[in-house]
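Worksheet for the structure shown next.
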Protein chains: 2
Amino acid sequence: MEKFINEQEALEDFLKTTGALYDETRVQLLKFIDKHGAMCICDLQNSFNMLQSRLSRHIKILKDSGFLSIKKDGRWSYYSIRTPLDRFRLQAIEEIRALPISLPELKKISSDCEI
Amino acid sequence: MEKFINEQEALEDFLKTTGALYDETRVQLLKFIDKHGAMCICDLQNSFNMLQSRLSRHIKILKDSGFLSIKKDGRWSYYSIRTPLDRFRLQAIEEIRALPISLPELKKISSDCEI
DNA sequence: GATATATAGATAAAATATCATATATATTTT
DNA sequence: AAAATATATATGATATTTTATCTATATATC
């Protein structure tokens, strides 16, 4: 992500990263977005059977922890895996990519993100 | 660590790993043991200013999540970084090793682990 | 007004720290 | 040698803190 000035920030960043990874829903969301590319909350809402507020909160945690980037276009917010990812976050994504867990089918309603 | 039979176990193992990493005390303990090698709870108690029960519980979590191994000798239990570590846990240890956080001085009272 | 997203408030669930106690082993005393 | 004591570790119970979910509502755009 970025370089750190003090040890406080470095530790906080590490804990924010591991905290984001310590939730089944967020692991599924990361794997799903990594697999399918940029999408909106509403696409996740249609694919996963979860409340919008729940998804929005989890996505915010993934964004704030450096895993996702956002591109807004009108009323849609497209979330995708952030590039570049720092080393450890990338290693985590690769670990999640290798996890043999099943994901729901992608039911996309937003237009493809072209920005 | 080991190979998994079903997706349930694989996800549980991943979450157990990230959960173990999502705690400041455990990150410090991992870094400390990685730096100094095998040691007992009582050494941690002398080095860190923490209650024995607190350290014992955190060490148990690190052991159960695959980061530490234990060798018992009399009334002492020597904990060290488990070998071999699977890829992701090793990457996590390397990340922690690189964290610029300060650690207390090692105040060792147990004899050096020779088993 | 309808849709997409974000967030506040309330509640439930999970994790942590502390106090107290149990267990096992080693050492000292008698 | 047996009994008592000390040491190292583990764990049960409880209070506190943190996190997750849901309901409801707010904000922004079409």
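Bear in mind the structure is a predicted one, so any value in this text is a computation, not a measurement. Below, chains carry the letters A, B, ... as their sequence lines are ordered, and counting in each starts from 1.
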| Which part of the nucleic acid, if any, lies within contact of S77(B), taking any heavy atom under 4.0 Å across all strands shown: a base, the sugar-phosphate backbone alone, or nothing? |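 Touches sugar-phosphate only.
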How long is the line joining [atom1] of [X] and [atom2] of [N], in whole Å?
| X | N | atom1 | atom2 | value |
| --- | --- | --- | --- | --- |
| L15(B) | dA14(C) | CG | P | 13 Å |
| I61(A) | dT18(D) | CD1 | P | 15 Å |
| L51(A) | dG9(C) | CG | C1' | 16 Å |
| M50(A) | dA20(D) | CE | C1' | 12 Å |
| R57(B) | dT14(D) | CZ | P | 13 Å |
| L44(B) | dA8(D) | CG | P | 13 Å |
| I70(B) | dA8(D) | CD1 | P | 15 Å |
| E24(A) | dA13(C) | CD | P | 17 Å |

| Geometric class of the F32(B)/F48(B) ring pair [parallel <30°, tilted 30-60°, perpendicular >60°] | perpendicular
| field | Partner nucleotide of dT30(C) by Watson-Crick or wobble geometry (both distances under 3.5 Å) | value | dA1(D)
Presence of donor-acceptor pair under 3.5 Å, side chain of [X] and base of [N]:
| X | N | answer |
| --- | --- | --- |
| S53(A) | dT21(D) | no |
| R26(A) | dA20(D) | no |
| Q52(A) | dA6(C) | yes |

Using only side-chain N and O atoms of [X], determine if any of them is under 4.0 Å from OP1 or OP2 of [N].
| X | N | value |
| --- | --- | --- |
| Y79(A) | dA4(C) | no |
| R75(A) | dA28(D) | no |
| H58(A) | dT19(D) | no |
| Y22(A) | dA15(C) | yes |

| message | Quick test of your reading of the model: are D34(B) and K31(B) salt-bridged, counting only N-O distances below 4.0 Å? | response | no
| Which nucleotide in the set dT5(C), dT21(D), dT9(D) lies at the smallest distance from any side-chain heavy atom of C40(A)? | dT5(C)
| message | Side chain of S56(A), heavy atoms from C-beta onward: which of dT9(D), dA6(C), dA8(D) has the nearest atom to it? | response | dA6(C)
| task | Could you give me the CA-CA distance, side-chain angles and deciding distance for Q8(A) and E12(A), then say whether side-chain hydrogen bond (donor to acceptor under 3.5 Å, both in side chains) is met? | result | CA-CA 6 Å; Q8(A) 176 84 355; E12(A) 279 177 9; 3.0 Å; yes
| field | Donor-acceptor pair between R54(B) and T25(B) side chains, under 3.5 angstrom | value | yes
| Which one of D43(B), N46(B), D73(B) satisfies the side chain to side chain donor-acceptor pair (under 3.5 Å) criterion with S110(B)? | D43(B)
| query | Taking for each residue the nucleotide of DNA chain D with the nearest heavy atom, is it W76(A) or G19(A) whose nucleotide lies nearer the 5' end? | reply | G19(A)
